[in-house]
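A short write-up of the structure that comes next.
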Amino acid sequence: QVQLVESGGGLVQAGGSLRLSCAASGRTFSTYAMGWFRQAPGKEREFVAAISSINYIEKYADSVKGRFTISRDNAKNTVYLQMNSLKPEDTAVYYCAAPNTGRVVTTTGEYSYWGQGTQVTVSS
């Protein structure tokens with residue numbers, strides 16, 4: 001059974017930085033892509049970033065491009081989301097997710113496994 005456990009959320013002032021981590025277990029981590037999504041109150045869950053299993057191809061939502069960086073450490077079975085220049089509109093619960101493919105995918109329906117989420121709050 002695949003398990004994903006996020007950590008690193010918290011409260012930060014606008015312009016600040018946070019790094020989220022997601023530890024995965026239950027299958028061969030290096031074989032599959034990984035992604036981050038977020039959900040703000042009253043809004044649908046939205047794609048933030050994803051990274052492929054091979055060649056570490058990255059994809060970002062336009063709203064975070066240039067500010068967020070996704071990375072992975074296959075030796076630690078962990079994916080990261082470095083968030084810089086945070087804005088109040090980045091406030092949301094952030095979810096780590098894993099699809100059943102090594103390709104970058106961006107829709108919630110393509111992801112089979114989800115973490116419990118970690119709260120990120122950016123104050124103005």
Side-chain angles (χ1 to χ4, degrees):
Q1 175 135 358
V2 176
Q3 290 190 323
L4 304 173
V5 180
E6 302 102 333
S7 61
L11 173 64
V12 64
Q13 288 189 332
S17 299
L18 281 174
R19 188 176 83 153
L20 306 183
S21 300
C22 172
S25 62
R27 66 180 183 182
T28 305
F29 178 77
S30 60
T31 303
Y32 299 94
M34 294 294 295
W36 287 96
F37 288 74
R38 67 187 182 186
Q39 188 166 18
K43 295 188 176 181
E44 293 188 353
R45 193 168 298 188
E46 65 176 3
F47 170 76
V48 175
I51 186 167
S52 68
S53 61
I54 298 174
N55 297 328
Y56 290 14
I57 295 169
E58 302 167 23
K59 187 169 179 66
Y60 298 93
D62 288 343
S63 59
V64 307
K65 204 171 293 183
R67 301 187 298 122
F68 291 11
T69 303
I70 188 171
S71 62
R72 64 190 297 160
D73 185 338
N74 288 343
K76 295 183 178 180
N77 289 355
T78 300
V79 63
Y80 303 96
L81 186 67
Q82 178 66 44
M83 306 185 294
N84 298 330
S85 301
L86 282 161
K87 304 175 181 180
E89 52 263 44
D90 294 318
T91 295
V93 177
Y94 283 71
Y95 296 91
C96 172
N100 284 325
T101 178
R103 300 178 296 106
V104 164
V105 289
T106 63
T107 63
T108 56
E110 294 174 292
Y111 284 79
S112 301
Y113 305 99
W114 295 84
Q116 81 287 355
T118 186
Q119 176 71 46
V120 171
T121 302
V122 184
S123 63
S124 57

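No experiment lies behind these values; they were computed from the predicted model shown. This chain uses plain numbering: 1 for the first residue, then up along the sequence.
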Nearest atoms (heavy-atom pairs only) where [X] meets [Y]:
X: Cys22; Y: Leu4; result: SG-CB, 3.9 Å
X: Glu6; Y: Gly117; result: OE1-N, 2.9 Å
X: Val79; Y: Cys96; result: CG1-SG, 3.9 Å
X: Pro99; Y: Ala33; result: CD-O, 3.0 Å
X: Thr91; Y: Val122; result: OG1-N, 2.9 Å
X: Val5; Y: Gln116; result: CA-OE1, 3.8 Å

### Task
Tell me, please, whether Tyr60 has Arg67 positioned over its six-membered ring: NZ or CZ under 6.0 Å from the ring centre and within 45 degrees of its axis?
no
### Task
Measure from the side-chain N and O atoms of Ser52 to the backbone N and O of Ile54, and report whether any donor-acceptor pair falls under 3.5 Å.
yes
### Query
Which class fits the ring pair Tyr111 and Phe37: parallel under 30°, tilted 30 to 60°, perpendicular over 60°?
perpendicular
### Task
Any chance you could lay out the salt bridge (Lys or Arg N to Asp or Glu O under 4.0 Å) test for Asp62 and Lys65, step after step, and finish with the verdict?
CA-CA 5 Å; Asp62 288 343; Lys65 204 171 293 183; 3.1 Å; yes
### Message
Looking at Gln3, I'd like to know if its CD atom is crowded, meaning that more than 12 non-hydrogen atoms belonging to other residues, nucleotides or ligands lie closer than 6.0 Å.
### Response
no
### Query
Can you tell me how far the CG atom of Asn74 sits from the OG atom of Ser53, to the nearest 0.5 Å?
8.5 Å
### Task
Please determine which of Tyr80, Trp36, Tyr56 meets the side-chain contact (heavy atoms from CB on, under 4.5 Å) test together with Ile51.
Tyr56
